[in-house]
Amino acid sequence: MTIDLSQRTCPLPHTNNDCFLLAHGEGAGLTRKFLDQYLRPLLDNRYLMQRGDAAVLAQEDHLPVISTDSYVVSPLFFPGGDIGCLAVHGTVNDLAVTGATPKYLTLSLMIEEGLPLATMERVLQSVADSAQRCRVQVVAGDTKVVPRGHLDQLFINTTGIGYRPHAIDWGMPRIQPGDHVLLSGTMGDHGLAILAAREQLHFAKPIKSDTTPLHELVNALQKHHSAIHCMRDPTRGGVAAVLHEMVEGTGFSIRIYENQLPIRPDVRGACEILGLNPIYIANEGKAIVVVAPEAADSVLSTMREHPLGRDAARIGIIESKRPPLVWIEGLMGIARVLDEPSGAPLPRIC
């Protein structure tokens with residue numbers, strides 16, 4: 001029997017210590033060196049110091065809330081952010097829109113062999129800075145390294161844990177006809193920023209991602225908690241995807257007013273050039289809030305008082321119209337059905 005060794009590689013070559021080797025994922029010496037040299041100094045806290053297979057967390061007097069997500073953005077670094085802050089902000093926001101205060105994160109790194117250690121250090125610094133800003137602690141995680149060509153540089157998975165007051169219940173079952181639909185800011189910023197960076201598109205004014213944590217804005221809105229019926233963050237599929245989820249989940253229709261949709265002029269212009277609609281494009285720092293009609297003005301005012309909500313707008317209303325559809329009313333008052341997003345016009349954006 002002949003064994004062809006020409007395609008085999010040693011997981012621990014003795015050269016090129018500036019990038020990830022397969023041995024970094026073996027759980028032995030190089031794994032510990034990576035954790036001790038790069039990860040723990042940036043994310044150090046009493047839970048990581050337990051060094052166990054699981055972290056024992058502090059007890060809270062609120063309802064626990066958990067969310068998990070994976071991040072595969074390309075490129076890793078883009079105007080306004082990077083995969084590190086995106087992973088933290090995305091999971092923090094998933095918790096925040098339930099009314100929970102984010103507390104803990106896990107961080108799992110899926111790394112392609114050959115990724116420069118300097119790149120990882122930059123990503124981890126971004127994770128650390130973002131976690132500190134959000135006041136969350138990274139309490140557990142995992143590292144896997146796969147052979148070249150089996151992964152696109154770096155994937156990150158985060159799981160978040162937060163705690164929600166018992167009085168808050170922001171779910172789709174609470175949505176009622178007559179409720180107003182608010183949007184905390186402009187649409188499409190993140191998706192267009194990723195597209196421009198990946199395709200090296202140059203506009204007169206660079207488009208930046210809106211990736212940012214929403215927990216402070218949501219905290220400001222909690223004084224209206226009984227009037228808020230539902231809150232979601234419109235990431236993949238944009239605002240349109242969330243509206244269709246609400247229609248499917250409630251059986252009610254939603255009417256959106258095209259002339260009230262907040263869109264940055266540069267994003268609008270880029271979308272017109274590229275044949276895209278901002279309502280379908282991903283956001284990473286916006287919230288859709290469905291509120292009782294009598295409280296819509298006060299909730300909108302509170303939004304606009306916060307820096308993250310200065311462009312907030314009332315974009316639509318919940319209707320009992322059947323069959324349940326998303327309608328978009330144009331500038332001339334003529335309504336048309338807004339189709340559900342299909343496919344991925346902007347792949348690898350979060």
Side-chain angles (χ1 to χ4, degrees), residues 62-73 78 80-108 126-138 156-165 168-172 181-191 193-194 208-222 224-225 228 230-243 245-246 262 281-290 299 302-303 306-312 349-350:
H62 293 68
L63 293 172
V65 180
I66 187 168
S67 179
T68 190
D69 208 344
S70 297
Y71 298 85
V72 293
V73 67
F78 47 85
D82 57 73
I83 193 172
C85 68
L86 183 65
V88 175
H89 297 164
T91 302
V92 163
N93 291 347
D94 284 343
L95 295 172
V97 295
T98 71
T101 298
K103 299 288 287 185
Y104 308 109
L105 291 178
T106 68
L107 181 72
S108 292
S126 180
V127 169
D129 293 343
S130 301
Q132 183 176 21
R133 177 185 176 187
C134 298
R135 298 182 181 179
V136 296
Q137 294 179 301
V138 177
I156 296 179
N157 174 271
T158 50
T159 295
I161 298 173
Y163 296 93
R164 192 194 77 190
I168 291 180
D169 180 15
W170 298 341
M172 280 193 280
V181 182
L182 312 181
L183 179 62
S184 67
T186 55
M187 304 185 306
D189 301 353
H190 177 70
I194 297 299
K208 292 186 177 181
S209 168
D210 62 345
T211 177
T212 194
L214 291 170
H215 62 295
E216 292 180 350
L217 172 62
V218 175
N219 287 343
L221 292 173
Q222 286 195 6
H224 305 288
H225 69 86
I228 294 174
C230 185
M231 189 181 299
R232 296 288 302 276
D233 63 326
T235 52
R236 286 176 297 176
V239 170
V242 172
L243 297 177
E245 288 174 9
M246 289 180 174
I281 298 177
N283 314 273
E284 286 294 344
K286 302 301 189 303
I288 293 176
V289 186
V290 181
V299 174
T302 299
M303 273 187 176
H306 193 278
L308 295 181
R310 61 179 178 270
D311 296 317
I349 47 79
C350 63

Q.
Using modelled atom types and a 3.5 Å cut-off, is there a donor and acceptor pairing between side-chain atoms of Ser130 and backbone atoms of Val127?
A. no

Q: Without swapping roles, check the side chain of Glu284 against the backbone of Ser209 for a donor-acceptor pair under 3.5 Å.
A: no

Q | Test item: Asn283 and Asp233 side chains (from C-beta on) under 4.5 Å apart, heavy atoms | A | no

Q) For Thr212 and Arg133, does a side-chain donor sit closer than 3.5 Å to a side-chain acceptor? A) yes

Q: Indicate yes or no: at least one non-hydrogen side-chain atom of Met303 is less than 4.5 angstrom from one of Leu182.
A: yes

**Q.** Any donor-acceptor pair under 3.5 Å from Asn93 side chain to Leu214 backbone
**A.** yes

Q. Hey, are the side chains of Val73 and Ile194 touching, using non-hydrogen atoms and a 4.5 Å cut-off?
A. yes

Q | Sidechain-backbone polar pair: Trp170 side chain, His225 backbone, donor-acceptor under 3.5 Å | A | yes

(Q) What I want to check is whether the side chains of Asp69 and Thr91 have a donor and an acceptor closer together than 3.5 Å. (A) no

Q: Please determine, by modelled atom types, if Thr186 and Asp311 share a side-chain donor-acceptor pair under 3.5 angstrom.
A: no

Q.
Are the side chains of Ser184 and Leu217 in contact, using a 4.5 Å heavy-atom criterion?
A. yes

Q.
Once rounded to the nearest 0.5 Å, what's the spacing between atom CG of Asp94 and atom CD1 of Ile66?
A. 12.0 Å

Q | Note, Met246 side chain near Val290 side chain (heavy atom, < 4.5 Å) | A | yes

(Q) Would Tyr163 and Leu63 count as a side-chain contact (heavy atoms from CB on, under 4.5 Å) here? Give the steps. (A) CA-CA 5 Å; Tyr163 296 93; Leu63 293 172; over 6 Å; no

(Q) Just by distance, no angles: are the side chains of Thr302 and His224 close enough, under 3.5 Å, to form a donor-acceptor pair? (A) yes

**Q.** Polar side-chain atom of Thr235 near backbone of Ala282 as donor-acceptor pair, under 3.5 Å
**A.** no

Q) What are the two closest non-hydrogen atoms of Arg164 and His62, and how far apart are they? A) O-CB, 3.2 Å

Q | Closest non-hydrogen atom pair, Met231 against Ala287 | A | CG-CB, 4.3 Å

**Q.** Minimum-distance pair of heavy atoms, taken over all atoms of Gly81 and Thr211
**A.** CA-CG2, 4.1 Å

Q: Report yes or no: does Thr159 contribute a side-chain atom to a donor-acceptor pair with the main-chain N or O of Thr68 at less than 3.5 Å?
A: no

Q. What is the minimum heavy-atom distance between Gly99 and Pro165, and which atoms define it?
A. O-CD, 3.6 Å

**Q.** Point-to-point distance, once rounded to the nearest 0.5 Å, from CG of Asn157 to OG of Ser108
**A.** 5.0 Å

(Q) If you compare all heavy atoms of Ala96 against all heavy atoms of Val218, which two are closest, and at what distance to 0.1 Å? (A) O-CG1, 3.2 Å

Q: State the CG-NE2 distance between Leu308 and His215, to the nearest 0.5 angstrom.
A: 9.5 Å

Q. Is the shortest heavy-atom distance from the side chain of Tyr104 to the side chain of Val136 under 4.5 Å?
A. no

Q) Which residues pass the side chain to side chain contact (heavy atoms under 4.5 Å, CB included) test with Ala240, sequence neighbours left out? A) Ile279, Tyr280, Leu338, Pro341

Q) After noting the C-alpha distance and the side-chain angles of Leu221 and Val299, does the key distance pass the side-chain contact (heavy atoms from CB on, under 4.5 Å) rule? A) CA-CA 7 Å; Leu221 292 173; Val299 174; 4.0 Å; yes

**Q.** Pairwise side-chain contact, Asp189 with Lys286, heavy-atom cut-off 4.5 Å (strictly under)
**A.** yes

Q: For Gln222, look at atom CD and say whether over 12 heavy atoms of other residues, nucleotides or ligands are found less than 6.0 Å away.
A: yes

Q.
Walk me through whether Cys134 and His89 qualify under side-chain contact (heavy atoms from CB on, under 4.5 Å).
A. CA-CA 8 Å; Cys134 298; His89 297 164; 4.2 Å; yes

Q: For residues Val138 and Thr106, determine if any side-chain heavy atom of one lies less than 4.5 Å from a side-chain heavy atom of the other.
A: no

Q) Closest heavy-atom contact between Ala87 and Ile156? A) CB-CG2, 3.8 Å

Q) Between Arg232 and Glu245, is a side-chain contact (heavy atoms from CB on, under 4.5 Å) present by the stated rule, with each step listed? A) CA-CA 10 Å; Arg232 296 288 302 276; Glu245 288 174 9; 2.6 Å; yes

